[in-house]
Number of protein chains: 2
Amino acid sequence: MLYIIGLGLYDEKDITLRGMQALKNCKKIYAEFYTNLWHGNIENLEKMSGNKIKILNRGIIEETPEEFLNFAKTEDTALLIPGDPLAATTHIDLVLRAEKQGIPVKIIHSSSIFSAVGETGMQIYKFGKTTSIVFPEKNYFPESPYDALCSNLKMNLHTLFLLDVKYDESRYMTVNNGIEILLQIEKKRAAGIFTEKTLCVGCARLGGEEEIKYGTAKELMRHDFGAPPHALIVPAKLHFVEEEALLRYKIQ
Amino acid sequence: MLYIIGLGLYDEKDITLRGMQALKNCKKIYAEFYTNLWHGNIENLEKMSGNKIKILNRGIIEETPEEFLNFAKTEDTALLIPGDPLAATTHIDLVLRAEKQGIPVKIIHSSSIFSAVGETGMQIYKFGKTTSIVFPEKNYFPESPYDALCSNLKMNLHTLFLLDVKYDESRYMTVNNGIEILLQIEKKRAAGIFTEKTLCVGCARLGGEEEIKYGTAKELMRHDFGAPPHALIVPAKLHFVEEEALLRYKIQ
């Protein structure tokens with residue numbers, strides 16, 4: 001059996017009892033940390049589970065997972081993933097690959113940014129499509145997050161922006177970077193959708209040593225949110241309870 | 001301090017280590033089970049936490065939470081909630097109420113349907129607005145889920161339908177009920193958005209003894225998904241990996 005186990009939002013205390021129980025029963029434990037920054041301590045997790053943990057990089061999981069899939073054919077094997085395992089889209093390939101080899105797969109869920117944004121007081125029902133802002137490169141500057149914002153706003157829906165993770169370079173996009181990129185796209189498009197006056201919500205380390213701030217893009221851009229992971233939200237029209245909840249986080 | 005702690009998707013094993021640690025330190029523990037069906041065992045949870053748990057009904061939490069807020073003023077107090085605490089919109093009022101009384105609030109997240117739907121193989125990024133289907137009543141038959149479906153489909157986004165929970169009457173909407181209600185609205189609207197031929201995904205007990213089925217509305221309506229909670233998804237155009245993943249669940 002291959003267990004794919006969510007580590008949850010922040011550190012080693014965010015795995016569920018179900019996940020920890022499975023870990024204790026597994027013969028081999030692997031983990032990946034390239035899909036999101038994890039603030040936990042591997043040694044603590046090894047102590048709690050009574051097992052050594054081997055960290056796998058993107059190449060092994062996405063291209064050559066044979067070694068660890070081979071273990072899973074005969075022994076209970078675990079792969080640990082930050083957040084909730086299939087919230088990121090990259091791991092479904094692994095599930096399909098395992099099942100094609102006759103290996104049963106069990107997903108053990110944990111906490112994820114997709115519902116943790118409820119902590120802002122904004123209603124999850126009122127979010128539209130989630131989108132990602134990536135670090136621009138020489139010939140690559142996707143404007144899709146701006147498009148997602150436009151179409152969500154048109155339907156009066158909030159937009160959650162997930163921010164790029166470049167694990168190999170230890171680069172994690174901040175709220176400040178994200179806002180800057182949206183302003184750059186705005187400059188090209190000039191549609192008045194995202195300006196320095198646009199009210200936004202910046203979130204850092206939700207579920208851990210979290211910080212949430214509400215203010216204009218300009219105000220948030222000046223704020224230091226500290227360590228990643230960060231996320232950015234652009235609200236549509238707010239319900240008065242959402243507004244009351246967000247005012248707790250109003251930037252001074 | 002008031003801890004609002006997610007119980008996660010299925011049973012007492014879906015609380016996180018962080019949540020369990022907080023429970024052990026709390027002097028008073030309360031729980032509510034009216035926002036979703038929980039398959040756990042209260043006695044097990046009491047044993048694990050070393051504390052008695054008092055179940056609160058909707059009236060107490062939403063209208064007269066003074067008793068338990070009073071404890072939270074001086075002692076660490078916990079409120080347990082199925083799923084991830086603020087994914088349902090009803091508990092933010094309690095947070096605001098507590099904070100107005102000077103009681104610090106800490107949210108401890110857990111797994112939730114909002115990311116667990118990734119288990120179908122469908123990409124969370126491609127979901128639009130989530131909507132709820134409620135049991136129709138004499139003068140109350142909201143068509144908003146149909147409208148949400150229309151606008152999501154227009155943007156080529158998948159739709160997650162959460163299904164009504166009437167805790168006091170022990171009525172939990174099934175995938176079958178949900179499909180029937182959408183077909184009734186379709187009959188009135190005749191827009192051809194949701195017919196017996198529409199491909200849907202039915203999910204039951206995600207994160208627990210789960211069952212996922214993929215097929216036409218007509219096929220799914222005939223299927224017995226067993227115990228609640230259930231959820232219904234209507235996909236927009238599928239990516240080929242999403243399609244491959246869903247075909248694992250094709251109804252026979």
Side-chain angles (χ1 to χ4, degrees), chain A residues 6 8-21 48 83-89 91-93 95-96 99 107-132 148 151-152 155 157 162 206-207 210 239 241-242 244-245 248, chain B residues 6 8-21 48 83-89 91-93 95-96 99 107-132 148 151-152 155 157 162 206-207 210 239 241-242 244-245 248:
Chain A
L9 282 161
Y10 191 65
D11 68 17
E12 67 273 14
K13 293 192 285 296
D14 290 313
I15 193 169
T16 62
L17 303 186
R18 184 186 301 278
M20 185 49 74
Q21 193 177 56
M48 289 191 283
D84 192 23
L86 298 177
T89 55
H91 299 301
I92 189 74
D93 286 309
V95 173
L96 297 176
E99 289 183 351
I107 310 292
I108 300 184
H109 297 281
S110 190
S111 53
S112 160
I113 182 79
F114 286 96
S115 58
V117 291
E119 202 162 333
T120 60
M122 299 174 74
Q123 297 176 7
I124 313 239
Y125 281 69
K126 292 185 60 190
F127 278 80
K129 177 189 163 65
T130 298
T131 182
S132 283
S151 55
N152 283 340
M155 314 296 294
L157 297 171
L162 302 181
L206 277 187
E210 67 226 355
H239 184 269
V241 178
E242 293 181 308
E244 185 185 348
R248 298 174 299 162
Chain B
L9 282 161
Y10 192 66
D11 68 18
E12 67 273 13
K13 293 192 285 294
D14 291 312
I15 193 170
T16 63
L17 303 185
R18 184 185 300 279
M20 186 48 74
Q21 194 176 57
M48 291 191 283
D84 192 24
L86 298 177
T89 55
H91 298 301
I92 189 73
D93 286 309
V95 173
L96 298 175
E99 289 183 351
I107 309 293
I108 300 184
H109 298 280
S110 191
S111 53
S112 160
I113 182 78
F114 287 96
S115 57
V117 289
E119 200 162 333
T120 58
M122 300 174 74
Q123 297 176 7
I124 312 241
Y125 281 69
K126 293 184 59 191
F127 279 79
K129 176 188 164 66
T130 299
T131 183
S132 284
S151 55
N152 284 340
M155 314 297 294
L157 297 171
L162 302 181
L206 276 186
E210 68 226 353
H239 182 270
V241 178
E242 292 182 307
E244 185 185 347
R248 298 175 299 161

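Each chain gets a letter, A, B and so on, in the order the sequences are listed, and its residues count up from 1. This is a predicted model, so every value here is computed, not measured.
- In this structure, the separation between CG on B/Asp14 and OG on A/Ser111 is 11.5 Å, given to the nearest 0.5 Å.
- Only the side chain of B/Leu162 comes within contact range of chain A, judged by heavy atoms closer than 4.5 Å.
- With a 4.5 angstrom heavy-atom cutoff, A/Val95 touches chain B only via side-chain atoms.
- Between B/Thr16 and A/Lys13, the shortest heavy-atom distance links the atoms CB-O, 3.6 Å.
- When heavy atoms are compared at a cutoff of 4.5 Å, A/Thr89 approaches chain B solely by way of its side chain, counted from C-beta outward.
- Pairing each heavy atom of A/Ser115 with each of B/Asp84, the nearest pair is OG-OD2, 2.7 Å.
- At a 4.5 Å heavy-atom cutoff, the contact between A/Asp11 and chain B is made by backbone and side-chain atoms alike.
- A 4.5 Å side-chain heavy-atom check between B/Leu86 and A/Thr120 finds every atom pair outside the cut-off.
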Item to check | Stepwise side chain to side chain donor-acceptor pair (under 3.5 Å) check, A/Thr131 with B/Tyr125 | outcome: CA-CA 6 Å; A/Thr131 182; B/Tyr125 281 69; over 6 Å; no

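- For the set B/Ser151, B/Pro85, B/Ser110, the entry with the most heavy-atom pairs within less than 4.5 Å of chain A is B/Ser110.
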Checklist entry - Going through the distances and angles, do A/Tyr10 and B/His109 end up as a side-chain contact (heavy atoms from CB on, under 4.5 Å)? => result CA-CA 10 Å; A/Tyr10 191 65; B/His109 298 280; over 6 Å; no

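- Note on B/Ile113, B/Ile15, B/Ile108, B/Thr130: by heavy-atom pairs under 4.5 Å with chain A, the leading option is B/Ile15.
- If you measure heavy-atom distances from A/Ile92 to chain B, the contacts under 4.5 Å come from the side chain alone.
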Item to check | Chi angles and distances behind the side-chain contact (heavy atoms from CB on, under 4.5 Å) call for B/Leu17, A/Met48 | outcome: CA-CA 11 Å; B/Leu17 303 185; A/Met48 289 191 283; 3.7 Å; yes

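- Distance check: B/Arg248 CZ to A/Glu99 CD gives 4.5 Å after rounding to the nearest 0.5 Å.
- Expressed to the nearest 0.5 Å, how far CG of B/Leu157 lies from NZ of A/Lys129 amounts to 6.0 Å.
- Only the backbone of A/Glu12 comes within contact range of chain B, judged by heavy atoms closer than 4.5 Å.
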